[in-house]
Every structure is written in C-alpha cells, then in structure tokens.
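Note sheet for the following structure.
Lettering follows sequence order; numbering is per chain, from 1.
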Amino acid sequence: MRSVFGKYAANCVAFLLTATIDIVHADSGGRLLATGAATQIEGSAGGGIVPMAVLSGYDTRDEAGGTAFVSRVDTKDYRLDSIGAAWSWRNRVELSAARQELRLDTLAGALGVPDNTIRQNVFGAKVRLYGDVVYTATPQISAGAQYKKNLDFFIPSAAGAKDDSGVDMYLAATKLFLAGFADRNVLLNGVVRWTKSNQESLVGFGGDKRNSREAVFEGSAGLFINRHWLIGTEYRQMPDNLSFARAQDWKDVFVAWFPDKQWSVVAAWVDLGDIATLRNQQGWYVSIQGSF
Amino acid sequence: MRLTTILLMALLSGCALQASKPDDLYRELGQEQGIKTLVTKLLYNIADDQRIADQFRDSNVERLRDKLVEQICVLSGGPCVYTGDTMAESHAGKNINDMHFNALVEDLIAAMNSQQISVSAQNRLIALLAPMHGDIVYH
C-alpha cells in the first residue's frame with residue numbers, strides 16, 4: 001500500500017516538474033539575461049527585500065511574459081515563506097500576487113498566545129514610466145503600488161497596529177552601468193516608498209506612535225562578476241510606528257545566479273534587526289524564480 | 001613591508017598605464033585579424049538565429065562584414081576609418097525592435113565567448129555599442 005502511494009507520489013511530482021519545465025521553457029522573452037531581476041518577498045521584480053524599476057520576466061515592448069517564485073527567510077526567531085507570480089505586458093505594466101506566511105513560535109510562546117502564524121496577501125502593480133535599465137543614459141524609472149491584506153491580525157493588533165490592510169506606493173530608479181567598475185557591469189537601484197507599514201506590514205499598518213504615511217528609502221547595489229553571477233547588497237528603511245517595540249532597518253548581502261532566461265536563484269545573509277522585541281534577527285534567505 | 005609597497009606601486013602604475021592606452025580594447029579583441037574572425041562568427045550566429053536571420057537576408061554580406069569590422073575597429077581604438085552609413089541611415093524602415101537588437105547582442109556575446117574574449121573586454125565593447133540602441137530600434 002505504502003509503495004503504491006510512494007510510486008503515485010513520485011509520478012505526481014515528476015509530472016508536475018515536467019509540466020512546470022514545459023511551461024517555463026515555452027517561450028522566453030527578448031530582453032537580455034538578468035534584466036528581469038529576481039522577485040522580492042512581496043512579489044514585485046527586484047532583489048530579495050527591495051523592488052526595482054525593471055519589470056518581471058523578459059518581455060520586450062512587443063511581448064508579454066511572467067514569472068513565478070518561492071522564497072524563504074529564516075532568522076533566529078522567525079521564518080517567512082513567500083510564494084507568488086507576476087505577469088508583465090510589453091515591458092510597460094507588471095501585475096503581481098504573493099502570499100506570505102510568517103512563523104513566529106518564539107514570540108507566540110513569549111506572549112502566551114496560540115497563534116504562531118501571520119499570513120498576508122500582497123497584490124502589486126508597477127508601471128514603467130521612462131527609460132531602459134541597459135540602453136538609456138538615464139535610469140529606468142517605474143512607479144508601483146502594493147496592496148496588502150494581513151489575514152491574522154490578532155498579534156499585530158495587540159502590538160498596537162491600527163489597520164490590517166493598506167497600500168504602499170513607491171517610485172524606483174534602476175540603472176545598469178556597463179563596464180561601470182573594474183570593467184564589470186554595475187547595478188544601482190534606489191526606491192522611495194510611501195508607507196505606514198510595520199515590518200513590511202506583517203505587523204499591520206500604522207501604530208500608536210505614528211499613524212500616517214512617511215517616505216522611506218530603499219536601495220540595492222550589485223556587481224556582475226559575469227553575465228550569470230551578481231553579488232550585491234540591499235537596504236530597506238523601516239517606519240517606526242509602534243511604541244511596543246522599535247523597528248530597525250533591514251539589510252542583506254546577496255549572491256544571485258542567472259543560469260539562463262528560465263531560472264534565477266538568489267541566496268542572501270539578512271539582518272532584520274530587532275523585530276517585535278526579539279533582538280538581532282539575522283539569518284538566511286533563498287529564492288527561486290522561473291520565467292515564462 | 002617594502003616589498004608590499006613596491007608590489008602595490010607596480011600594480012598601481014601597471015593599472016594606470018593600462019587605462020591610459022586608447023587601443024587597449026583593440027588589442028584585447030585580437031587587433032584586425034581577431035576582429036575579422038569575431039565578425040565572421042557573429043554573422044554565422046545571425047544566419048542561424050531564427051529571430052533575426054530574415055532581417056539580414058537581403059544584405060550584401062561582404063560589405064556588412066567589412067563595415068562591422070571597421071566599426072568595431074574604430075570603437076575599440078584601432079587604426080581604422082569607418083566608411084559606412086550612420087546607424088540611423090542603415091536601419092531606417094527595417095522595423096527593428098528591442099527583441100531583434102537584443103538577439104544581435106546575444107549573438108555577439110556568443111561569438112566573443114567562442115573567441116575567448118575576457119568578460120572585461122566584452123563589457124567594454126558592449127558599453128560602446130549600447131548607446132546606438134536608440135538610433136536602431138523602432139525607426
């Protein structure tokens with residue numbers, strides 16, 4: 001019985017893998033390798049924690065394309081899993097959806113509450129306003145919005161968060177400098193985000209200290225060792241709305257691998273600072289993206 | 001300590017010297033013969049590339065090859081003169097889009113890889129070609 005089930009499961013996994021690879025190999029767009037970036041934790045094209053002005057996938061101004069991703073952040077006391085997909089049209093508009101699931105066993109234990117998971121849905125839209133990340137002298141500029149809905153608001157509410165849903169708006173500028181440093185291609189990305197989210201809104205929106213949007217800065221810098229390997233760092237400023245616990249800025253150092261236009265893998269060491277009174281949340285981040 | 005200083009100075013002066021030579025890239029591409037081989041490989045890649053082969057079907061291949069060699073020679077600091085049309089003139093009305101342009105870049109990278117041209121020289125050559133994008137696509 002067991003072996004029959006095992007065989008069924010193996011066949012099933014093999015079928016799903018083949019189907020995924022078929023879909024993914026069906027058609028890759030006409031943009032250059034790595035110009036679709038990876039997918040950041042909220043589902044927008046970007047690095048690991050910071051979005052970029054580039055749109056997901058490899059579609060040019062005459063094509064459409066998309067991506068799907070999974071990622072995990074694992075720190076001392078928290079684990080965040082994200083899964084999602086993005087679709088972009090004519091290198092102009094990107095639509096994305098992601099589901100996040102945060103495990104917080106240490107905090108739940110300390111608070112003596114049974115909930116050990118906070119789930120959140122994120123729906124994103126991004127529009128390329130101007131420029132091309134590779135070919136124009138000025139950076140590629142995009143405007144984006146992320147609507148987020150926290151599905152487990154008990155703990156955020158207890159921490160003093162005011163709303164379980166909200167919208168972040170951002171302006172991103174991204175530029176690849178060909179042979180920019182030591183004859184290697186250099187990627188620079190800057191984002192201004194208008195937000196009142198607490199810890200990327202996993203702890204809701206607004207708080208007792210502050211309940212209005214503010215502009216925060218996010219940035220990424222990377223160096224392409226060759227066409228396939230990018231090393232870099234990210235920084236994401238966090239609003240500090242709750243008197244219950246201070247929020248600290250997030251940062252990471254990452255390695256991204258673009259073996260071909262179908263796949264990308266990002267691995268990072270992240271430092272999220274103190275989160276909800278639990279100190280020094282450092283750990284690993286991994287994401288895998290498929291493009292179609 | 002002294003050895004480190006000497007090595008460091010040698011390294012620094014070496015770098016400075018390297019950067020000041022205007023025909024550095026030309027040499028790294030293998031000078032005239034290297035560029036001729038590179039362009040020939042590029043044209044073979046284009047002919048095999050379904051995305052763009054049709055765009056070149058009516059071209060005079062001999063002339064195209066000579067003009068590309070001249071152009072890359074001049075761009076890389078070599079002792080040549082470019083005698084072809086401007087990029088805007090030679091691509092006008094050909095309906096070249098981003099996908100076509102990037103396909104050619106990919107074919108060029110493949111040719112440079114097969115010529116074992118270093119990543120740094122590849123990046124420098126592409127950096128010199130990239131600004132032509134605006135004169136070539138969607139005209």
Heavy-atom cut-off 4.5 Å, strictly under: side chain, backbone, both or neither for Leu128(B) against chain A? neither
Looking at Phe217(A), I'd like to know if its CZ atom is crowded, meaning that more than 12 non-hydrogen atoms belonging to other residues, nucleotides or ligands lie closer than 6.0 Å. yes
Does a sphere of radius 6.0 Å around CD in Glu32(B) hold more than 12 heavy atoms from other residues, nucleotides or ligands, not counting ones at 6.0 Å or beyond? no
Pick whichever of Thr60(A), Leu32(A), Asp132(A), Thr136(A) has the most heavy-atom pairs under 4.5 Å with chain B. Leu32(A)
Greatest number of heavy atom pairs closer than 4.5 Å to chain B - which of Asn185(A), Leu33(A), Thr35(A), Ile225(A): Asn185(A)
Under 6.0 Å from the six-membered ring centre of Tyr58(A) and within 45° of its axis: does the NZ or CZ of Lys261(A) meet both? yes
Which class fits the ring pair Phe224(A) and Phe258(A): parallel under 30°, tilted 30 to 60°, perpendicular over 60°? tilted
Among Glu106(B), Met132(B), His100(B), Gln122(B), residue most engaged with chain A (heavy-atom pairs, under 4.5 Å): Glu106(B)
